[in-house]
Amino acid sequence: MMLTAKRFFSAAGAPADLARECEFFSSLKMRNGTFKLTRPSRFAVVEERFAPMVRARVKGPCAVLDIGASTGLTTIELADFLRAQGAVPRVVGTDLFIDAHLVDLAPGVHVLADPDGWPLQYGVAGVGIRAWVRRLDYVTLAVLPRLLARSMLRPRLRRRIAAGASLPVRMESRALVGQAIRLVENDIFVREPSFAARFDFIRAANILNLGYFRPERLRVAIANIHAYSRGPGALLLVVKTDGSKHDGTLFELGPEGDFQVLARIGRGSEIEGLVLEAAAATRQGEVS
Ligand SMILES: C[S@@+](CC[C@H](N)C(=O)[O-])C[C@H]1O[C@@H](n2cnc3c(N)ncnc32)[C@H](O)[C@@H]1O
């Protein structure tokens, strides 16, 4: 039985139960079709694979950006990994969806929604019910009540949130408490001027996927990442995970400002070609 958002957030302040936390957040699908899915220690083999290259390049103080960080759990692990390689990382994790709201609709009925009123989970009589539609729902016809509930509730949720009649919550890991990591809302498709030429190490894990976004959109994200990289020698890790299998590429920004492949895991990143053409496209003003 799925834990309700109300129950989950009412335990704020309790010691972090990472497995339970991940199970809860991983069940949430965002408005743009991405999931909050993350798992503790999911990148252990990725870190082991790339450790020698990272150790040789990232030493002492360095600025780190984790894009699509979800709850920040694996961002903490990234910071630990970099420290183990001899770095002193200052870490920023970004995600498009961090703030959310609990809205009571009737006795025993509440909704977890994003700030725009998009339902993420329903809570009915202590049972958590997913708000998103999956393929099987089209077969069982469960798609109809789900779509109806969303379109009918969304304006109401949006009004209640705007009127302050909701409990604001943050979709972040309790393990972040006491960590020197900033988790901030940011859209990788919108250029953030304060990030320009700032980061020595950038990770985009399970976010820049062809299954989520079309190549034209991904080119925009990659151009932003390019602009956020400090300069020659900066590293970019792009990885996609399927169960215990990872396909990823570690890139280094070369002296000419082009990303170059340093190493791969699995089959390499599925967007490797788009990353390799990034600097040239930016120079020619094709992407902004
Ligand atoms: C599958 S999770 C990946 C979490 C973590 N990086 C990992 O691999 O365990 C994808 C995350 O990307 C976030 N996201 C979706 N669209 C985004 C965007 N345009 N900019 C930044 N983050 C985004 C989602 O909210 C979600 O938390």
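Just so it is clear, the values below take in all heavy atoms, side chains as well, and ignore hydrogens, waters and symmetry mates. Here the structure is a predicted model, which means the values were calculated and not measured.
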Could you go through residues 50-64 and list every donor-acceptor pair under 3.5 Å that involves a side-chain atom there, pairing it with any protein atom two or more places apart or in another chain?
from: R55; atom 1: NE; to: Q85; atom 2: OE1; distance (Å): 2.9
from: R55; atom 1: NH2; to: Q85; atom 2: OE1; distance (Å): 3.3
from: R57; atom 1: NE; to: E252; atom 2: OE1; distance (Å): 3.4
from: R57; atom 1: NE; to: E252; atom 2: OE2; distance (Å): 3.1
from: R57; atom 1: NH1; to: M53; atom 2: O; distance (Å): 3.2
from: K59; atom 1: NZ; to: A56; atom 2: O; distance (Å): 2.9

Single-linkage hydrophobic cluster I265~L262, side-chain heavy atoms < 4.5 angstrom: yes

Distance, nearest 0.5 Å, that separates CD of E277 from CZ of R219: 5.0 Å

Hydrophobic cluster membership, V239 vs F213, 4.5 Å side-chain cutoff: no

K245 and R267: CA distance, side-chain angles, deciding distance, side-chain contact (heavy atoms from CB on, under 4.5 Å) verdict: CA-CA 10 Å; K245 199 176 146 301; R267 289 174 299 178; 3.7 Å; yes

Atom pair CD1/CD of I76 and Q179 - distance to nearest 0.5 Å: 4.5 Å

Side chain R198, main chain S194, donor-acceptor under 3.5 Å: yes

Side chains of R203 and T74, donor plus acceptor under 3.5 Å: yes

Step-by-step side-chain contact (heavy atoms from CB on, under 4.5 Å) determination, L112 to V169: CA-CA 9 Å; L112 175 71; V169 291; 3.9 Å; yes

Main-chain N/O of C22 paired with S26 side-chain donor or acceptor, under 3.5 Å: yes

For F35, all residues meeting side-chain contact (heavy atoms from CB on, under 4.5 Å), sequence neighbours excluded: K29, L37, W132, Y212

Spatial distance of atom CG (L235) from atom CG (L253) [nearest 0.5 Å]: 9.5 Å

Spacing of N209 atom CG and L218 atom CG [to the nearest 0.5 Å]: 8.5 Å

Nearest heavy atoms of R49 and A263, plus distance in Å: NH2-CB, 3.7 Å

Distance-minimising heavy-atom pair for G268 and D247: O-CB, 3.3 Å

Gap separating the CG atom of L274 from the CZ atom of F259, nearest 0.5 angstrom: 12.5 Å

Within-4.5 Å side-chain heavy-atom neighbours: T4 and V124: no

Side-chain heavy-atom pair I225, F199 within 4.5 angstrom cut-off: no

Least distance between heavy atoms, T75 atom then A69 atom: OG1-CB, 3.4 Å

Check: G231 main-chain N/O paired with S229 side-chain donor or acceptor under 3.5 Å: no

E172-T71 side chain donor-acceptor pair, cut-off 3.5 Å: no

Side chains of residues 94-101: which donor-acceptor partners sit under 3.5 Å, not counting sequence neighbours?
from: D95; atom 1: OD1; to: K36; atom 2: NZ; distance (Å): 3.1
from: D95; atom 1: OD1; to: F97; atom 2: N; distance (Å): 2.9
from: D95; atom 1: OD2; to: S70; atom 2: N; distance (Å): 2.7
from: H101; atom 1: ND1; to: S166; atom 2: OG; distance (Å): 2.9

Pair D104-K6, salt bridge (charged side-chain N to carboxylate O under 4.0 Å, His left out): steps then yes or no: CA-CA 10 Å; D104 283 318; K6 194 166 239 185; 2.4 Å; yes

Step-by-step salt bridge (charged side-chain N to carboxylate O under 4.0 Å, His left out) determination, D80 to R83: CA-CA 5 Å; D80 290 343; R83 266 190 291 274; 2.9 Å; yes

V275 side chain near H226 side chain, heavy-atom distance below 4.5 Å: no

Aromatic plane relationship, F195 with Y228 - under 30° parallel, 30 to 60° tilted, over 60° perpendicular: perpendicular

Hydrophobic cluster membership, L236 vs I222, 4.5 Å side-chain cutoff: yes

Residues R130, D137; criterion salt bridge (charged side-chain N to carboxylate O under 4.0 Å, His left out); working and verdict: CA-CA 12 Å; R130 83 185 140 78; D137 292 340; 2.9 Å; yes

Test item: R156 and L105 side chains (from C-beta on) under 4.5 Å apart, heavy atoms: yes

Sub-6.0 Å ring centroid separation between F81 and F43: no

S27 and M2: CA distance, side-chain angles, deciding distance, side-chain contact (heavy atoms from CB on, under 4.5 Å) verdict: CA-CA 9 Å; S27 70; M2 201 191 293; 4.0 Å; yes

Non-hydrogen side-chain atoms of V103 and H110 separated by less than 4.5 Å: no

Verify same cluster id: I181, I202 (apolar side-chain graph, 4.5 Å): no

Minimum heavy-atom distance L120-L28, with the two atoms named: O-CD2, 3.7 Å

Side-chain heavy atoms of L65 within contact of F201, under 4.5 Å: no

D258 side chain reached by L276 side chain, heavy atoms, under 4.5 Å: no

E185 atom CD, over 12 foreign heavy atoms within 6.0 Å: yes

Other residues, nucleotides, ligands: >12 heavy atoms within 6.0 Å of E23 CD: no

Sub-4.5 Å side-chain heavy-atom contact between K240 and H246: no

Donor-acceptor under 3.5 Å (D200 side chain, A234 main chain): no

Shortest non-hydrogen contact from W118 toward R150: CH2-NH1, 3.3 Å

Distance in Å, I129 CD1 paired with R146 CZ, rounded so as to fall on 0.5 Å steps: 7.5 Å

Trace of the side-chain contact (heavy atoms from CB on, under 4.5 Å) decision for V111 with Q121: CA-CA 6 Å; V111 183; Q121 192 214 54; over 6 Å; no

Taking every non-hydrogen atom, the tightest pair across R191 and A223: NH2-O, 3.7 Å

Evaluation steps, salt bridge (charged side-chain N to carboxylate O under 4.0 Å, His left out), between E272 and R264: CA-CA 10 Å; E272 196 178 288; R264 297 187 180 94; 2.7 Å; yes

Y122 reachable from V133 in the ILVMFWY side-chain graph, under 4.5 Å edges: no

